[in-house]
Amino acid sequence: MDHFARKLLAWYDRHHRDLPWRVGPADKAEGTLPDPYHVWLSEIMLQQTTVQAVKPYFDKFLARWPRVDDLAAADTDAVMAAWAGLGYYARARNLKKCAEVLARDHGGRFPDTFDDLKALPGIGDYTAAAIAAIAFDRPEAVVDGNVERVVTRLFAIETPLPSAKPEIRARTKEMTPQERPGDFAQAMMDLGATLCTPKRPACVLCPLREECTALAGDDPQRFPLKMPKAARPVRRGAAFVAETADRKILLRTRTEKGLLGGMAEVPTTGWTARTDGETGTDAAPFAADWRSKGEVVHVFTHFELRLAVFHAERAEGPVSGGRWTKIAALGEEALPSVMKKAITQAIPDAFKASRERP
DNA sequence: AATACGTGGCC
DNA sequence: TGGCCAAGTAT
């Protein structure tokens, strides 16, 4: 085992984070490996998502679907609703598909190699390596955003991301030990998350400070270098919150593919790049006494949405392609955050009401 | 290979 | 306060 791995594992034994899906080094020393289902579920949720955001969702999913077979047998709508708010909803659809494949073709068990894991829906290079290393003790190179930061600093890699990825992978592979590869992967990620942070890294506490090339230089924080990002355009549209006298609102389900795929929404116009600011009620789903309720702004990864919100009270009647849903039952719907924002703008107590009547 | 894909927290 | 960032994947 090389110098880096030995020092890092010693640090991990003392300073590892305790996380709900993790088996700590003390328990692992007695031969206990974490449940692959827990590792998989957490890794999918953690893709581009903070630990803090994931925790309550992980607990909720595990309580409701304790084993992968339970998830395979679940209603897709229920899974989407449980995922609502966590973002990147293709993850939830692939999670369900993956559970079904495992239940049908693998007897409800996870494969234990990188290649077989990577063949599953929603599992890419990172997640396949992470599950293989953490749940099955296989010495795979696990490279996430934390590892990219740690490694580019350790070796002062001047190539910007994403061009530097092959070099980072090669370096990580060299460092990954045959023994405790799962702990090593988690140690690298813990180091990146707690000490080798993007801003103001705590180098004085770092177990690798003596061998860090970036620290020997003048400014470790400048790593990793990154290619400049494209500007985020603004798109505009209108959302229509139709409410009946008995407190129902009109919802639709978005198509499976694309933005917010398979999630619930209130009727909206298209979201276009036009900047004239003109958003009228001509595109409303039906004629009603639409009242303007102002605008909500929501920032997606690649554009900013400014949604003009309209509210109609005492709306009624059958509407094709939509469903009238009790405001008190909105908590069971797969509503993404942007839609909760729009509904709250029109009906401030909408989600308070749904909480009061479980 | 470059782009689409959410959300919330932080400074 | 606006940009950056978080355990990436699919196409």
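In the text below, chain A, chain B and the rest are named by the order of the sequence lines, each starting its count at 1. Source: prediction; values computed, not measured.
DNA chain B is contacted by A/Tyr88, A/Tyr89 of residues 88-102 of chain A, taking any non-hydrogen atom closer than 4.0 Å. Near-neighbour residues of DNA chain C inside residues 15-23 of chain A, defined by a heavy atom below 4.0 Å, number-ordered: A/Arg17, A/Leu19, A/Trp21, A/Arg22. Using a 4.0 Å cutoff on non-hydrogen atoms, the parts of residues 119-131 of chain A near DNA chain C are A/Pro121, A/Gly122, A/Ile123, A/Gly124, A/Asp125, A/Tyr126, A/Thr127, ordered by number. Of the residues in residues 147-160 of chain A, those lying under 4.0 Å from DNA chain C by heavy-atom distance are A/Arg149.
Residue-environment remark: CD (A/Glu316) stays at or below the threshold of 12 foreign heavy atoms within 6.0 Å.
A/Thr301 contributes a side-chain N or O that forms a donor-acceptor pair with the base of B/dG6 under 3.5 Å.
For the pair A/His302 and B/dA4, the criterion of a side-chain N or O lying under 4.0 Å from OP1 or OP2 is not met. Taking 4.0 angstrom as the limit, A/Ser337 places a side-chain polar atom (N or O) nearer than this to OP1 or OP2 of B/dG8.
One can place CD of A/Glu265 at 13 Å from P of B/dG6, the figure rounded to the nearest angstrom. Regarding A/Met263, its CE atom lies at a distance of 12 Å from the C1' atom of B/dT7, rounded to whole Å. Counting to the nearest Å, the P atom of B/dG8 and the CD atom of A/Glu304 are 15 Å from each other. Between the CZ atom of A/Arg235 and the P atom of B/dG6 there is a distance of 12 Å, given to the nearest Å. One atom, CD1 of A/Ile44, and another, C1' of B/dG6, lie 16 Å apart when rounded to the nearest Å. Rounded to whole Å, the distance from CH2 on A/Trp271 to C1' on B/dG6 is 11 Å. Look at NZ on A/Lys165: it is 13 Å from P on B/dA2, rounded to the nearest Å. A straight line from CH2 of A/Trp83 to P of B/dC5 spans 17 Å, rounded to a whole angstrom.
Counting non-hydrogen atoms under 4.0 angstrom, A/Gly85 reaches the backbone sugars and phosphates but no base. Counting non-hydrogen atoms under 4.0 angstrom, A/Val299 reaches a base of the nucleic acid. Within the 4.0 angstrom heavy-atom criterion, no nucleotide atom of any strand lies near A/Pro162. Residue A/Gly258 is classed as a sugar-phosphate contact, given heavy-atom separations below 4.0 Å to backbone atoms only.
Annotation: B/dT3 and C/dA7 have their P atoms spaced 24 Å apart (nearest Å). When the C1' atom is compared between B/dG8 and C/dT1, the two are found 15 Å apart, to the nearest whole Å. Separation of the P atoms belonging to C/dT11 and B/dG6 is 14 Å when rounded to the nearest angstrom.
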Run the salt bridge (Lys or Arg N to Asp or Glu O under 4.0 Å) check on A/Asp125 and A/Lys165 step by step: do they pass? CA-CA 12 Å; A/Asp125 283 334; A/Lys165 282 174 183 281; over 6 Å; no

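Between the side chains of A/Asp115 and A/Thr113, no donor N or O sits under 3.5 Å from an acceptor N or O. Judged by distance alone, the side chains of A/Gln47 and A/Tyr126 never bring a donor and an acceptor atom under 3.5 Å apart.
Legend: residues meeting ring-ring contact (aromatic ring centres under 6.0 Å, His included) with A/Phe61, ordered by chain and number and at least two apart, are A/Trp65, A/Trp83. In this structure A/Asp35 satisfies the salt bridge (charged side-chain N to carboxylate O under 4.0 Å, His left out) test with no other residue, sequence neighbours excluded. The ring-ring contact (aromatic ring centres under 6.0 Å, His included) test applied to A/Phe4 returns A/Phe155, not counting sequence neighbours. Partners of A/Arg306 by salt bridge (charged side-chain N to carboxylate O under 4.0 Å, His left out), not counting sequence neighbours, listed by chain and number: A/Glu304. With sequence neighbours left out, A/Phe110 forms a ring-ring contact (aromatic ring centres under 6.0 Å, His included) with A/Trp40. With sequence neighbours excluded, the residues that form a side chain to side chain contact (heavy atoms under 4.5 Å, CB included) with A/Leu225 are A/Glu158, A/Pro160, A/Arg222, A/Phe223. Partners of A/Arg252 under the salt bridge (charged side-chain N to carboxylate O under 4.0 Å, His left out) rule, at least two apart in sequence or in another chain, are A/Glu265.
A/Tyr57 contributes a side-chain N or O that, together with a main-chain N or O of A/Ala84, makes up a donor-acceptor pair within less than 3.5 Å. Side chain of A/Lys173 to main chain of A/Glu140: no donor-acceptor pair is present (N/O by atom type, distance under 3.5 Å, no hydrogens or angles).
Nearest-nucleotide assignment on DNA chain C puts the 5′-proximal partner with A/Val51, out of A/Lys118 and A/Val51.
Nucleotides of DNA chain C with any atom under 4.0 Å from a heavy atom of chain A span, from 5' to 3', C/dC5 to C/dA10.
No close placement of the A/Phe300 and A/His302 rings is indicated, their centers lying 6.0 Å or farther apart.
Considering only heavy atoms from C-beta on, A/Met1 stays 4.5 Å or farther from A/Gln178 through its side chain. A/Leu208 places a side-chain heavy atom less than 4.5 Å from the side chain of A/Leu191. With a 4.5 Å cut-off on side-chain heavy atoms, A/Thr344 and A/Val296 do not count as touching.
Ring orientation note: the planes of A/His38 and A/Phe58 are nearly perpendicular, at an angle over 60° on the 30°/60° scale.
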